[in-house]
Amino acid sequence: KQLFDKTFNALMDKIVGQVGELPIAKLARMGGVTEAQANALGAAKMREVMEIYDPAWQERQRRTMQVMAAGMGDIMTSVEPKARGALAKAYAREFSAVELEDLDRYFATPAGAHYASRSLLIAMGPDMMEAMNALMPELMEAMPGLVQKAQAATADLPAVRTKGDLSPAERKKLAELFGVDPETLEDDASSSTGTE
């Protein structure tokens, strides 16, 4: 909860600010558009476009992130007992009983208790966030190449099917999963393929 209350909002403000300054063409490349299509978008930045559609864009993003941070803090508080149980199992698997006793002795010292109470906040604190923010431009620069590599790695896989490609039994199963009338699903499927 402390992490989300103190760190998350500051981090999100920086990320929203950085994303706002990204050229739309760079975002489009990340989304997989061709180089020619991306180049045709010019030098417009995300913020410039969003402020036309929504003059309150930055403030809307800021408030949205505040609500998300508060909600996540509450969720994390309720999840903490389960997380502690999961960590106990993970630590028991990773460390021997002797090592756990050593850790217990360390955490009983003032330095150990200080470390235990602050380590997550330090790891997600302003110094680390600044380092992560510095990484963002490199990450955005590398993303189109990573998308291309992912596309190449999956190029030999069959194309994703549409509803029109499904058998009647598959359509029925899909309708059951979605909780809709199979006839409606079939109508949607036949109209998307141009068949009657």
Asker: Is E48 paired with K45 through a side-chain N to carboxylate O contact shorter than 4.0 Å?
Answerer: no
Asker: Hey, any chance Y53 and M46 share a hydrophobic cluster, counting ILVMFWY side chains that come within less than 4.5 Å of each other, even indirectly?
Answerer: yes
Asker: Please report the interatomic distance CE(M68) to CD1(I75), rounded to the nearest 0.5 Å.
Answerer: 8.0 Å
Asker: If you count heavy atoms of other groups shown closer than 6.0 angstrom to CD of E21, is the number above 12?
Answerer: yes
Asker: Using 30° and 60° as the class boundaries, would you call the ring planes of Y115 and Y106 parallel, tilted or perpendicular?
Answerer: tilted
Asker: Same cluster or not: are V180 and L174 linked, directly or through other Ile, Leu, Val, Met, Phe, Trp or Tyr residues, by side-chain heavy atoms under 4.5 angstrom apart?
Answerer: yes
Asker: What's the separation between atom OH in Y91 and atom CG in L100, rounded to the nearest 0.5 Å?
Answerer: 9.5 Å
Asker: Is the shortest side-chain heavy-atom distance between E51 and Q58 below 4.5 Å?
Answerer: yes
Asker: Measure the spacing between OG of S119 and NE2 of H114 and express it to the nearest 0.5 Å.
Answerer: 10.0 Å
Asker: As an exercise, state the distance from CD of Q61 to CG of D54, rounded to the nearest 0.5 Å.
Answerer: 8.0 Å
Asker: Check the hydrophobic clustering (I, L, V, M, F, W, Y; side-chain heavy atoms under 4.5 Å; chains of links allowed) and say if L87 and V79 are grouped together.
Answerer: no
Asker: Between the side chain of E80 and the main-chain N/O of T77, is any donor-acceptor distance below 3.5 Å?
Answerer: no
Asker: Tell me the closest heavy-atom pair linking A25 and G42, and the distance in Å.
Answerer: CB-O, 3.8 Å
Asker: What are the two closest heavy atoms between A116 and F107, and how far apart are they?
Answerer: CB-CD2, 3.7 Å
Asker: Does any N or O in the side chain of T154 come within less than 3.5 Å of the main-chain N or O of L157, such that one atom is a donor and the other an acceptor?
Answerer: no
Asker: Looking at CD of E170 and CG of D165, how far apart are the two atoms once the value is rounded to the nearest 0.5 Å?
Answerer: 9.5 Å
Asker: To the nearest 0.5 angstrom, please state how far the CD atom of E59 sits from the OG1 atom of T64.
Answerer: 9.5 Å
